[in-house]
Amino acid sequence: MSETTSERDGREVYDPHAVQARWLPVWDRLDLNRAGIRDGAEKKYVLDMFPYPSGDLHMGHAEAFGIGDVVARYWMRRGYDVLHPMGWDSFGLPAENAAIKRGEHPATWTYANIDVQADSFRRYGISFDWSTRLHTSDPGYYRWTQWLFLRFMERGLAYRKKSAVNWCPNDQTVLANEQVVGGKCERCGAEVTKRELTQWYFRITEYADRLLDDMKDLEGSWPERVLLMQKNWIGRSTGAHVDFAVGDRKVTVFTTRPDTLYGATFFVVAADAPLAEELCAPEQRAAFEKYRDEVRKLSDIDRQATDRPKTGVSLGVVAINPLNGEELPVFAADYVLADYGTGAIMAVPAHDQRDLDFARAFDLPVRVVVETGGEDPAVTGVATAGDGVLVNSGPLDGLRKTEAIERTVEILQERGTGEGAINYRLRDWLLSRQRFWGAPIPVVHCPVDGEVAVPDDQLPVRLPSDMKGADLQPKGQSPLASNDAWVNTACPKCGGPAKRDTDTMDTFVDSSWYFLRYCSPSYDKGPFDEDAVRQWMPVAQYVGGVEHAILHLLYSRFFTKVLHDMGMVDFTEPFSALLNQGQVINQGKAMSKSLGNGVDLGSQLASYGVDAIRISIVFAGPPEDDIDWADVSPSGSVKWLARVARVAADVGALPAADARDDAVDRAVARAVDDVTRLTESHRLNVSIARLMELTNALRKGIDGGAPASASLRDGVTALATMLSCYAPYTAEEIWSRLGHDVEGGDSVHASRWPTADPALLVEDTVTCVVQVSGKVRDRLEVSPSIGEDSLRELALGSDAVVRALNGAAVRTVIVRAPKLVNVVPV
RNA sequence: GGGGCCGUAGCCCAAUGGCAGAGGCGCACGGUUUAGGUCCGUGACAGUGUGAGUUCGACUCUCACCGGCCCCA
């Protein structure tokens, strides 16, 4: 009796755990997933978004990496030299919080979790090239993160400025715009407030146009919704800058509707913008400050809620409309945001809903300047934003919207009071964090020389190893600030006493270039070996969750473009194709502790085995769709894999012979042809269905009369190789049952993808459907090569058709040889 | 409010504009069996959310509505 089966009632039973125990050590020894060892083979880089080391793997990892593994293994089987690397995004807040709780250094928790995950990935049978393993928290990695920061600084792409920033009161750190979701901290869910702070930024806005325009290269190979989300995030809008005079000051606003300038009846400044304070008349100061303090308590989400009544306060000054010299009262209000555009707007209540709401609340005039055919906004309370003909607008009267916009810009330019302009929703990337567990910003602040970059040969600026537990407690500034020994240093320029920058970088900086490091993970002359990168990059297939649609993917694209401009890489987009897998949910909802609907991966694997879980995930539906675990039946997968094992065992036991069976050969060829196409196009659920069909066909071949062993052996061989991408253990098991010496290196994971004989894909006869008026009336068995004319004759001669026509004359006959004829009576 | 995606048997899902069903779960039945379990096999169940339109022909394309999800406000 084989060690992988047990006898029960005289029948073999498939034991997934025994199969795993048998092959895992053999694979460890054979080390089959190394990249760069197939001479002359075309290269393909398959990348999974690297994980954060939070505890052990969960269902989400099982899905994402399971899908990525199918893709990687498929290309390996197809003979490509595949790079399928692995590492950890190991800086970040949870490690720090755990360290505070446990009185440890964050590295302790981090690296312990990484080891647990690494072993789980290994047992989960993912085809990683483990020699690529990297951790962004290793000094050997963050040295180069710091190095890249300094290059950005040299190019003016990293800079420091003071402004109102997003502040998470819970995590005690600033956040990038991208990390504020619906007014809340993306990580902890706390309501984000604003703080005035001096922080480091990456000048991503300088790349806004290229990030937008280069998306055309990604169309078709990235999910459309991701491209759309990035497009919306960058938010390019064209319009004009218009200069208003307020007292002796010039205040510029951005508007997408310069054509409505004559409709401006008041002027609004964001209450929390420094500009509001500067413009405020002395007699209004008390009222303004009271209002501003109220506004500062509000979150952005409250401020932008559309159903909220509009509030504001007069600043006691007027702004002069540059076009008609009209005096517009200036208000401070909270519905204008300080960091969008210039923080000030011209308000055109007739044609902008928010302005109209404000005008009605404050009893301000509403002047229609575009006749859209809609009802009077002053009466209906509904602003008319559409196209129309300009009225009440002096020289613009009679023009349509587009012409009026052009003309207004011309007039403004002639007078020197404005110009055409493009505005972006995208803000510069705020990268400083007041936290410990991240790459220190490699800058020294010197009383003499100011901001001084740490010289390359002094990198990395290492994190101190002696800080733990309470030392890391958030205090509103980086924990590093309290470590005098670390902070105090010599200025690299003058040698005098100086202090290190105590902030660390956003962990998204670490993950914006890791895919490059994978090409040469231990390279020590730069962040990556440019030759290695030239060989592997760009990534042929990237696999990961849609939650990174904006953050990580936009940042990585930005980094790649900067590196391209630095001459370090010869491409401008890092990821040629992107696959967003769905989420694993349970009972219609995301798994969560509070709902108590979590599904533990470990216990699923213990109950059903690795392969059954992998199959269940892939078979549940299209990879992009969410999987509701309540709809999944892992025991069904076990049943199928056991059936596969039995089929293979039965075929392996057949006496060697040359007998062939045409039906089996055709079924195998069809399966190979379909599964190849389906796997390649990521239709993985349908691939599994075809493999199940093939299993059924092989079963039939075994049970029906005299089994044709040659055909069946070929079928099981093809099945094993195709299955190796999906269920690596079971595939190896049946491969071995066919007599392959796996221990000696003849593993299914070194086998080549089967090819289908085209002759076997052509059927002898096909069923031709004959319709009358679109209704099926007859079926004809015809040759696949039948001509249109003879098929028409055949169909018209059919008794069933004659009966259906019932003497009616024929108007047309649609012939789609060889599968369909549609007879249309008059 | 704007933009996008999705509604197919009891359930999950298939179907280059051409026979609504590939595969699985569940169910029923038959065979195997000491067994209602395993295994082998057979079968039933929907006319594609609703209503129009285009077409010889619509699950597929267009429009509206209903329901669900996502992004931006």
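Proteins come first, then strands; the chains are lettered A, B, ... in the order of their sequence lines, and each starts at number 1.
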J.: Verify whether one side chain among A/W629 and A/Q587 offers a donor that lies under 3.5 Å from an acceptor in the other.
T.: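 No - no donor-acceptor pair under 3.5 Å links their side chains.
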J.: Mind telling me whether B/rG47 is syn or anti, cutoff 90° either side of 0?
T.: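 B/rG47: syn glycosidic orientation.
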J.: Kindly assign one of parallel, tilted or perpendicular to the pair A/H552 and A/Y542, based on the angle between their ring planes and the thresholds 30° and 60°.
T.: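 Perpendicular.
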J.: Taking the P atom in each of B/rC25 and B/rU42, what is the distance between them to the nearest angstrom?
T.: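 My reading of the P atoms in B/rC25 and B/rU42 gives 14 Å.
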J.: Pick the P atom in B/rA44 and in B/rC61, then give their distance to the nearest Å.
T.: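 My reading of the P atoms in B/rA44 and B/rC61 gives 31 Å.
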J.: Can you check the A/N580 CG to B/rC71 C1' distance for me, whole Å?
T.: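 One finds 13 Å between C1' of B/rC71 and CG of A/N580, rounded.
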J.: Rounding to an integer number of Å, can you tell me how far A/R646 CZ sits from B/rU38 C1'?
T.: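 These atoms are roughly 8 Å apart.
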J.: Round to the nearest Å and state the distance from A/Q230 atom CD to B/rC71 atom P.
T.: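 Going from CD in A/Q230 over to P in B/rC71 covers 15 Å.
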J.: Could you please name the partner base of B/rA58, counting Watson-Crick and G-U wobble pairs only when both distances are under 3.5 Å?
T.: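 In the structure as shown, B/rA58 has no Watson-Crick or wobble partner.
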J.: With rounding to the closest Å, how many angstrom separate the C1' atoms on B/rU32 and B/rU38?
T.: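 Here B/rU32 and B/rU38 have their C1' atoms 10 Å from each other.
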J.: Who pairs with A/A350 by side chain to side chain contact (heavy atoms under 4.5 Å, CB included), at least two apart in sequence or on another chain?
T.: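 A/V366, A/V368, A/P377.
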J.: Which part of the nucleic acid does A/N696 contact within heavy-atom distance under 4.0 Å: base, sugar-phosphate only, or nothing?
T.: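 Sugar-phosphate: the residue A/N696, judged by heavy atoms under 4.0 Å, touches backbone atoms but no base.
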J.: When you get a sec, tell me which of B/rC40, B/rG3, B/rA22 is the closest nucleotide to the side chain of A/E693?
T.: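 Of the candidates, B/rA22 comes closest.
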J.: Using the C1' atoms only, state how far B/rA22 lies from B/rC59, rounded to an integer number of Å.
T.: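 Rounded to whole Å, the distance is 16 Å.
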J.: Can you check nucleotides 14-18 of chain B for protein contacts, nitrogen or oxygen pairs under 3.5 Å, and list what you find?
T.:
{"from": "B/rA14", "atom 1": "OP1", "to": "A/N685", "atom 2": "ND2", "distance (Å)": "3.2"}
{"from": "B/rA14", "atom 1": "O3'", "to": "A/R683", "atom 2": "NH2", "distance (Å)": "3.4"}
{"from": "B/rA15", "atom 1": "OP1", "to": "A/R683", "atom 2": "NH1", "distance (Å)": "3.4"}
{"from": "B/rA15", "atom 1": "OP1", "to": "A/R683", "atom 2": "NH2", "distance (Å)": "2.4"}
{"from": "B/rG18", "atom 1": "O6", "to": "A/R816", "atom 2": "NE", "distance (Å)": "3.3"}
{"from": "B/rG18", "atom 1": "O6", "to": "A/R816", "atom 2": "NH2", "distance (Å)": "3.4"}
{"from": "B/rG18", "atom 1": "N2", "to": "A/Q771", "atom 2": "OE1", "distance (Å)": "3.2"}
{"from": "B/rG18", "atom 1": "N2", "to": "A/N822", "atom 2": "ND2", "distance (Å)": "3.1"}

J.: Once side chain to side chain contact (heavy atoms under 4.5 Å, CB included) is applied, do any residues pair with A/L760, and if so which ones, sequence neighbours excluded?
T.: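 For A/L760, the residues satisfying side chain to side chain contact (heavy atoms under 4.5 Å, CB included) (neighbours in sequence not counted) are A/D662, A/D665, A/R666, A/A669, A/D757.
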J.: Name the pairing partner of B/rU42, where a pair is Watson-Crick or G-U wobble with both distances under 3.5 Å, or state none.
T.: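 Its partner is B/rA28.
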J.: Enumerate all atom pairs, one protein N or O and one N or O from nucleotides 25-29 of chain B, separated by less than 3.5 Å.
T.:
{"from": "B/rC25", "atom 1": "OP1", "to": "A/K639", "atom 2": "NZ", "distance (Å)": "3.4"}

J.: What's the CG-C1' distance between A/L227 and B/rC71, to the nearest Å?
T.: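 Rounding to the nearest Å, CG of A/L227 and C1' of B/rC71 are 13 Å apart.
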J.: For residues 610-632 of chain A, which residue pairs qualify under salt bridge (charged side-chain N to carboxylate O under 4.0 Å, His left out), counting only residues two or more places apart or in two chains?
T.: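 Counting only pairs at least two positions apart or across chains, the salt bridge (charged side-chain N to carboxylate O under 4.0 Å, His left out) contacts touching residues 610-632 of chain A are A/D69-A/R614.
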J.: For the pair made of CG in A/D650 and C1' in B/rC39, what is the distance, rounded to whole Å?
T.: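 Spelled out: CG on A/D650 to C1' on B/rC39 is 11 Å.
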J.: Is a donor on one side and an acceptor on the other found under 3.5 Å between the side chain of A/R683 and the backbone of A/E680?
T.: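 A pair under 3.5 Å: no.
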J.: Run A/S637 and A/S616 through side chain to side chain donor-acceptor pair (under 3.5 Å) and show every step you take.
T.: CA-CA 6 Å; A/S637 303; A/S616 298; 2.7 Å; yes
J.: Please confirm whether the shortest side-chain N or O distance from A/N232 to OP1 or OP2 of B/rG2 is below 4.0 Å.
T.: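 For B/rG2, OP1/OP2 do not have a side-chain N/O of A/N232 under 4.0 Å.
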J.: Could you tell me whether A/V769 contacts a base, only the sugar-phosphate backbone, or nothing, with contacts defined as non-hydrogen atoms closer than 4.0 Å?
T.: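 Base contact.
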J.: Mark yes or no for whether A/N586, through its side chain, and A/M591, through its backbone, hold a donor-acceptor pair below 3.5 Å.
T.: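 Pair absent, no side-chain N/O of A/N586 close to backbone of A/M591.
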J.: For A/Q353 and B/rG1, give me the distance from atom CD to atom P, rounded to whole Å.
T.: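 Rounding to the nearest Å, CD of A/Q353 and P of B/rG1 are 11 Å apart.
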J.: What is the pairing partner of B/rC13, taking Watson-Crick or G-U wobble pairs with both distances under 3.5 Å in any strand?
T.: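 Looking at the geometry, B/rC13 pairs with B/rG21.
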J.: Using residues 693-700 of chain A as the side-chain source, report each donor-acceptor pair under 3.5 Å to any protein atom, sequence neighbours left out, with the distance given to one decimal.
T.:
{"from": "A/E693", "atom 1": "OE1", "to": "A/R690", "atom 2": "NH1", "distance (Å)": "3.4"}
{"from": "A/T695", "atom 1": "OG1", "to": "A/W640", "atom 2": "NE1", "distance (Å)": "3.0"}
{"from": "A/T695", "atom 1": "OG1", "to": "A/L691", "atom 2": "O", "distance (Å)": "2.7"}
{"from": "A/N696", "atom 1": "OD1", "to": "A/R643", "atom 2": "NE", "distance (Å)": "3.2"}
{"from": "A/N696", "atom 1": "OD1", "to": "A/R643", "atom 2": "NH2", "distance (Å)": "2.6"}
{"from": "A/R699", "atom 1": "NE", "to": "A/D703", "atom 2": "OD2", "distance (Å)": "3.2"}
{"from": "A/R699", "atom 1": "NH1", "to": "A/D650", "atom 2": "OD2", "distance (Å)": "3.3"}
{"from": "A/R699", "atom 1": "NH2", "to": "A/D650", "atom 2": "OD2", "distance (Å)": "2.7"}
{"from": "A/R699", "atom 1": "NH2", "to": "A/D703", "atom 2": "OD1", "distance (Å)": "3.2"}

J.: Does B/rG3 have OP1 or OP2 under 4.0 Å away from a side-chain N or O of A/R225?
T.: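 No, outside the criterion.
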J.: In whole Å, I'd like the distance from the CG atom of A/L691 to the P atom of B/rA22.
T.: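 Checked: the CG to P distance equals 18 Å.
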J.: Show me the donor-acceptor pairs, under 3.5 Å and distance only, between side chains in residues 218-225 of chain A and residues at least two apart or in other chains.
T.:
{"from": "A/S221", "atom 1": "OG", "to": "A/L218", "atom 2": "O", "distance (Å)": "3.2"}
{"from": "A/S221", "atom 1": "OG", "to": "A/S576", "atom 2": "O", "distance (Å)": "2.8"}
{"from": "A/W222", "atom 1": "NE1", "to": "A/F575", "atom 2": "O", "distance (Å)": "2.7"}

J.: Say we look at B/rG30 and B/rG49: how far apart would their C1' atoms be, to the nearest angstrom?
T.: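 One C1' to the other, the span is 38 Å.
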J.: Write down the partner of B/rC5 under the Watson-Crick or G-U wobble criteria, each distance required to be under 3.5 Å.
T.: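 Its partner is B/rG68 (Watson-Crick or G-U wobble, both distances under 3.5 Å).
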J.: Hey, does the side chain of A/R643 come within less than 4.0 Å of B/rG41's phosphate (OP1/OP2), counting only N and O?
T.: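 Affirmative; the distance criterion is met.
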J.: With A/D789, which residues qualify under side chain to side chain contact (heavy atoms under 4.5 Å, CB included), at least two apart?
T.: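 Partners of A/D789 under the side chain to side chain contact (heavy atoms under 4.5 Å, CB included) test: A/R792.
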J.: If you measure from the P atom in B/rG24 to the same atom in B/rC40, how many Å do you get, rounded?
T.: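 So the two P atoms sit 11 Å from each other.
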J.: With both distances kept under 3.5 Å, what pairs with B/rC63, Watson-Crick or G-U wobble?
T.: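 Here B/rC63 is engaged in a pair, and the nucleotide opposite it is B/rG51.
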J.: Suppose we screen for side chain to side chain contact (heavy atoms under 4.5 Å, CB included). Which residues come up paired with A/V776, at least two apart in sequence or across chains?
T.: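 With neighbours one apart ignored, the set is A/V769, A/Q771, A/R779.
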J.: Pick the C1' atom in B/rU48 and in B/rG17, then give their distance to the nearest Å.
T.: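 These two C1' atoms come out 15 Å apart once rounded.
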J.: In whole Å, measure the gap between the P atoms of B/rU60 and B/rG51 for me.
T.: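 About 13 Å, rounded to a whole number of Å.
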J.: In whole angstroms, how far is the P atom of B/rC13 from the CE atom of A/M692?
T.: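 Answer to the nearest Å: 15 Å.
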J.: If you find the nucleotide of RNA chain B closest to A/R425 and the one closest to A/T767, which residue's nucleotide is nearer the 5' end?
T.: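 Per heavy-atom nearest nucleotide, the more 5' residue is A/T767.
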